[in-house]
Amino acid sequence: MNDADAAGQIVEVLAPLAVDQTYSYFSPPALRLAPGEHVEIPLGRQSTYGVVWEVRGSADTPGNLKTVISRYARPPLSQKLRDFVDWLARYTLAPRGMALRLATRSAESAEAEPDRLVYRATGARPQRETPTRARVLAAAEGGLVFSKKALSGAAGCSPSVVDALVDDGALEAIKAPASAIADSLTSDYAQSTLETEQEKAASALRSSVALRAYQPFLLEGVTGSGKTEVYFEAVAAALEQGEQALVMMPEIALTSQFLERFAQRFGGRPAEWHSSVADRKRSRIWRGCATGEVKVVVGARSALFLPFANLRLIVVDEEHDGAYKQEDGVCYHARDMAVVRASIEGATLVLSSATPSIESRVNAELGRYAHLRLRARAGARLLPRADAIDMRIEGPGQGRWLAPRLARAIGETIARGEQALLFLNRRGYAPLTLCRSCGHRFRCRQCDAWLVEHRFRRALICHHCGYVEQRPNVCPECDAEETLSPCGPGIERIAEEAAKLFPNARILVLSSDFPGGAERLRRELEEVAKGSFDLIIGTQLVAKGHNFPYLTLVGVVDADLGLGSGDPRASERTFQLLAQVTGRAGRGDKPGAALIQTYHPEHPVMRALLCGDPEDFYAQEISLRERAGLPPFGRLAALIVSGRDAGLAEAHARALVRAAHSLPPTPAYRLAAAGGLPEPDEIAVLGPAEAPIALLRGRFRFRLLIKAPRRANLQGFLRDLLEGGPPARGGVRVQVDVDPQSFL
DNA sequence: AGCACGCCGACT
DNA sequence: GTCGGCGTGCTC
């Protein structure tokens with residue numbers, strides 16, 4: 001044994017805490033740690049868990065360093081995953097420890113499971129035969145294997161009797177084969193029949209997967225064009241090579257319907273990963289990903305941090321969906337980070353959507369993503385015919401919300417025994433309640449927004465902060481009775497009108513604030529799919545996930561809602577939502593119809609919906625942003641002020657504020673260099689609710705999100721920053737919301 | 001994440 | 001006089 005073998009090591013360990021640094025430890029000679037291994041380390045006055053980030057050298061004695069306590073027998077984090085953690089931390093400006101947490105949260109207790117033992121009768125008689133032993137042996141008759149618990153349970157004795165019988169030779173213990181973590185999958189279990197366009201897209205993906213190099217694709221295709229079948233071919237290609245694939249979906253889109261479809265194609269279910277998977281299962285899947293045993297994971301955004309051994313493919317389904325944004329703790333956009341992970345892993349990336357986000361479209365047009373398009377619906381299905389109802393011309397009378405033409409169409413649909421859906425993205429009965437006698441309007445005490453009347457709950461509710469108060473019968477300002485008057489429609493009010501118009505119809509109202517929770521919702525959606533209702537009235541939760549096979553008519557009640565919100569993505573979001581809802585209409589070879597009630601039939605969003613071609617919309621929207629001097633994406637940066645992480649964050653805050661000229665290598669700087677972030681001429685302190693609105697009213701050049709107790713202090717703090725002086729106190733965290741593609 | 005240290009308001 | 005609230009800072 002030479003000196004190097006006898007010496008200990010100096011290792012850099014990252015703990016999954018709010019620290020950005022790694023800490024140095026001495027590792028005794030016997031441990032021989034490698035980067036990525038999981039260790040227990042002393043930290044402060046207790047011990048924690050950490051990951052070896054780097055082995056820095058050897059040493060004979062600890063010197064002034066503390067000593068690593070032990071090694072955990074978990075699969076080490078690969079260099080690629082560690083690089084991803086570092087990248088994510090640098091990009092989101094989160095402490096590296098917090099980024100590591102995302103990757104190790106389910107690693108705890110991910111040790112190899114101990115062999116499970118089962119027992120079988122050997123046929124030999126035990127040396128001493130007591131009545132209890134006889135009962136155990138009787139239970140073990142027939143040559144089958146049983147668990148210890150099953151035998152002792154059947155015999156009504158303690159498990160130690162089984163042990164004794166093993167010692168006596170009457171039973172034998174056998175290693176049970178480890179139960180599989182996930183179903184085994186077969187790449188060609190059932191071949192999909194693909195049409196020409198699909199076939200072309202699928203073969204592009206298949207050959208990319210075979211190349212084993214980072215290659216990004218935008219897979220764009222109208223509802224029903226068979227995007228899923230196409231990316232299933234890419235999954236199949238990864239399986240054929242014995243390698244891994246990750247399919248990400250927004251949590252609510254991850255339905256058993258989807259898993260069934262997957263099983264029909266691959267002969268088994270993928271490993272599922274989302275918030276309600278039990279802890280034990282989670283750590284098994286975590287381990288299975290690291291060992292390569294788990295081949296395909298279908299999961300929500302957190303699946304992005306699994307320790308894949310050989311990841312060949314990442315699919316981001318519904319890539320435009322806002323649910324990919326993580327907004328507390330480490331703030332990140334899972335779709336963007338999927339791009340980064342794919343590039344680090346050298347994997348194929350597929351962003352899939354019927355209505356891609358603007359930034360993905362722009363990336364495709366710039367040639368950063370290969371653009372695969374499916375223009376036709378698969379299986380000769382036709383797109384729903386969309387028609388506008390111009391509310392200025394053919395709107396309903398006073399106090400009604402459904403235009404006569406829409407009401408008629410619903411009646412006819414129900415009469416044919418088909419299903420209709422009325423969509424209105426507004427919960428409650430009426431968005432505003434005022435007093436006809438004095439003009440009093442109900443406002444939220446916490447945040448100043450209008451209170452929304454909920455008639456089912458007899459309450460006034462703030463949709464911004466959740467504040468609730470009882471709906472009074474008397475005006476609180478002028479004491480007049482019976483003068484409180486609801487203005488505008490909410491979904492409950494539409495339900496009331498529909499019940500009057502169609503007294504014999506089976507109507508279901510679906511809104512996220514109804515009691516019963518997810519369980520009831522799931523049951524109701526299944527009933528809808530079975531055709532148990534004639535008319536469904538719902539908010540945006542009807543837009544996603546489920547298929548409604550009997551649905552042939554979709555009516556959009558207030559299509560303009562959301563266009564006037566001041567949100568920079570208002571048009572984009574409205575288009576995506578309405579395209580999704582109206583796309584639900586139609587079944588088999590019978591085209592559905594969509595009727596859209598709008599005051600602005602000429603608006604680009606409406607025009608795109610009516611002609612059924614999103615091309616129009618994207619071209620308009622991108623040129624609008626160009627003319628407004630906004631980059632098509634990466635338009636904003638968020639400054640989050642909080643009490644913690646002062647040192648790290650302060651530097652970034654300075655960099656951001658002086659981004660136009662300063663040189664620190666932060667994403668903010670690079671954004672500025674790319675022309676995305678002009679120098680601010682004013683800094684204001686806004687709450688999270690106000691900031692997005694103010695932003696693209698053009699008042700501010702970038703967004704400041706403030707999380708802090710006292711506003712006045714922050715004002716001073718930020719002014720100090722702007723003038724370049726030392727901030728008196730407090731810390732700053734900067735989050736930059738841009739497309740990482742431009743930084744790769 | 002824990003845990004200590006420190007600085008202000010209400011208690012035996 | 002202290003007990004304890006949480007706001008802040010540190011852990012190799």
Suppose we screen for side chain to side chain donor-acceptor pair (under 3.5 Å). Which residues come up paired with [X], at least two apart in sequence or across chains?
X         : result
Ser302(A) : Trp273(A)
Ser70(A)  : Glu40(A)
Arg105(A) : none
Thr48(A)  : none

Any residue of residues 45-56 of chain A with a heavy atom less than 4.0 Å from an atom of DNA chain C: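 Residues of residues 45-56 of chain A that come under 4.0 Å of DNA chain C do not exist, since none gets that close.
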In whole Å, I'd like the distance from the [atom1] atom of [X] to the [atom2] atom of [N].
X        : N       : atom1 : atom2 : result
Met98(A) : dA1(B)  : CE    : C1'   : 8 Å
Gln21(A) : dC10(C) : CD    : P     : 10 Å
Tyr23(A) : dT11(C) : OH    : C1'   : 5 Å
Ile41(A) : dG2(B)  : CD1   : P     : 13 Å
Leu43(A) : dG2(B)  : CG    : C1'   : 9 Å
Asp20(A) : dC10(C) : CG    : P     : 15 Å

Test side-chain contact (heavy atoms from CB on, under 4.5 Å) applied to Ala459(A) - qualifying residues, sequence neighbours left out: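 In terms of side-chain contact (heavy atoms from CB on, under 4.5 Å), with neighbours along the sequence ignored, Ala459(A) is linked to Arg457(A), Ile461(A), Val468(A).
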Leu31(A) vs Val68(A), side chain to side chain contact (heavy atoms under 4.5 Å, CB included): CA-CA, chis, key distance, verdict: CA-CA 9 Å; Leu31(A) 274 183; Val68(A) 173; 3.7 Å; yes
Nucleotide nearest Arg101(A) when distance is taken to its side chain, options dC12(C), dT11(C), dA1(B):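 Nearest to the side chain of Arg101(A) among the choices is dA1(B).
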Sugar-phosphate only, base, or nothing, as touched by Pro16(A) at under 4.0 Å among non-hydrogen atoms: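 Nothing: the residue Pro16(A), judged by heavy atoms under 4.0 Å, touches no strand.
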